[in-house]
Amino acid sequence: DYAVSREDKNAAGQKMYIQTKMAEYAEELWEMMQDEKTHIYMCGLKGMESGMAECFGPIAEKNGIVWTEFAKAMKKADRYHVEVY
C-alpha cells in the first residue's frame, strides 16, 4: 500500500497524510520494527517526526517500551534515518 501526501483521500474524505496511512498499519509496522533488518527512512517536514511518536508511542508503551528511547536506539543502530527540514 502507499499514500501520496495531500493528494490521496482518507476514509473520511480528507487529505491523506503519510502519518494517516502509517496509523492504518501501525501494529504491523511495529512488528516489523522489532526486526533488526528493518530500516526507517523519513524525509520531509519536521512535523513528520512527531507523527511517528503519535503513531507508535502508544503501541510501544503497551509493550513496555518508551518510544523516544526505542527510536534513539534505532538511530544508534543506524536503522532510523531522518532528513527533515
Side-chain angles (χ1 to χ4, degrees):
D1 207 349
Y2 67 94
V4 177
S5 282
R6 296 180 287 182
E7 292 183 21
D8 292 335
K9 302 282 185 198
N10 65 17
Q14 301 164 325
K15 291 180 181 177
M16 173 70 75
Y17 292 93
I18 302 305
Q19 298 90 319
T20 310
K21 186 58 82 169
M22 285 188 326
E24 289 179 23
Y25 295 96
E27 292 288 340
E28 184 178 343
L29 292 170
W30 175 254
E31 289 300 317
M32 291 174 69
M33 282 188 260
Q34 306 314 301
D35 185 339
E36 64 184 29
K37 295 177 187 171
T38 299
H39 288 252
I40 295 173
Y41 295 89
M42 182 188 324
C43 303
L45 298 175
K46 192 172 182 104
M48 291 178 68
E49 258 189 298
S50 63
M52 292 286 287
E54 290 172 20
C55 183
F56 297 110
I59 297 171
E61 187 177 325
K62 184 174 76 175
N63 287 278
I65 298 170
V66 176
W67 167 253
T68 54
E69 296 301 316
F70 182 79
K72 189 184 296 183
M74 283 190 75
K75 285 179 183 179
K76 187 174 181 178
D78 229 9
R79 298 176 46 216
Y80 192 85
H81 314 276
V82 179
E83 291 289 332
V84 293
Y85 52 91

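What's counted below: heavy atoms across the whole structure, side chains too, no hydrogens, waters or symmetry copies.
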> Could you give the distance from CE (M22) to CG (L29), rounded to the nearest 0.5 Å?
Replying inline: 7.5 Å
> Pairs in or reaching into residues 40-52: which pass salt bridge (Lys or Arg N to Asp or Glu O under 4.0 Å), with residues at least two apart or in two chains?
Replying inline: E49-K75
>> Can you give me the closest heavy-atom contact between P58 and C55, atom names plus distance?
In response: CD-O, 3.9 Å
> Among pairs that include at least one residue of residues 57-74, which meet side-chain hydrogen bond (donor to acceptor under 3.5 Å, both in side chains), considering only residues two or more places apart or in two chains?
Replying inline: E27-K62
> Are the side chains of Q34 and F70 in touch, meaning some heavy atoms are under 4.5 Å apart?
Replying inline: yes
>> Looking at every heavy atom in both V84 and L45, which two are closest together, and how far apart are they?
In response: CG1-O, 3.7 Å
> Heavy-atom distance under 4.5 Å between the side chains of M52 and M42, does that happen here?
Replying inline: yes
> What heavy-atom pair brings G51 and Q19 nearest, and what distance separates the two atoms?
Replying inline: CA-CG, 3.8 Å
>> Check this for me: K15, atom NZ, are more than 12 non-hydrogen atoms of other residues, nucleotides or ligands nearer than 6.0 Å?
In response: no
> Which residue pairs pass the side-chain hydrogen bond (donor to acceptor under 3.5 Å, both in side chains) test when at least one of the two sits in residues 76-85, sequence neighbours left out?
Replying inline: H39-H81
> With the 4.5 Å side-chain cut-off for hydrophobic clustering, are V66 and I59 part of the same group?
Replying inline: no
> Taking all atoms of both residues into account, what is the closest heavy-atom pair of M48 and C43, and its distance?
Replying inline: SD-O, 3.5 Å
> So which heavy atom on K9 is nearest to which on M16, and how close?
Replying inline: O-CE, 3.6 Å
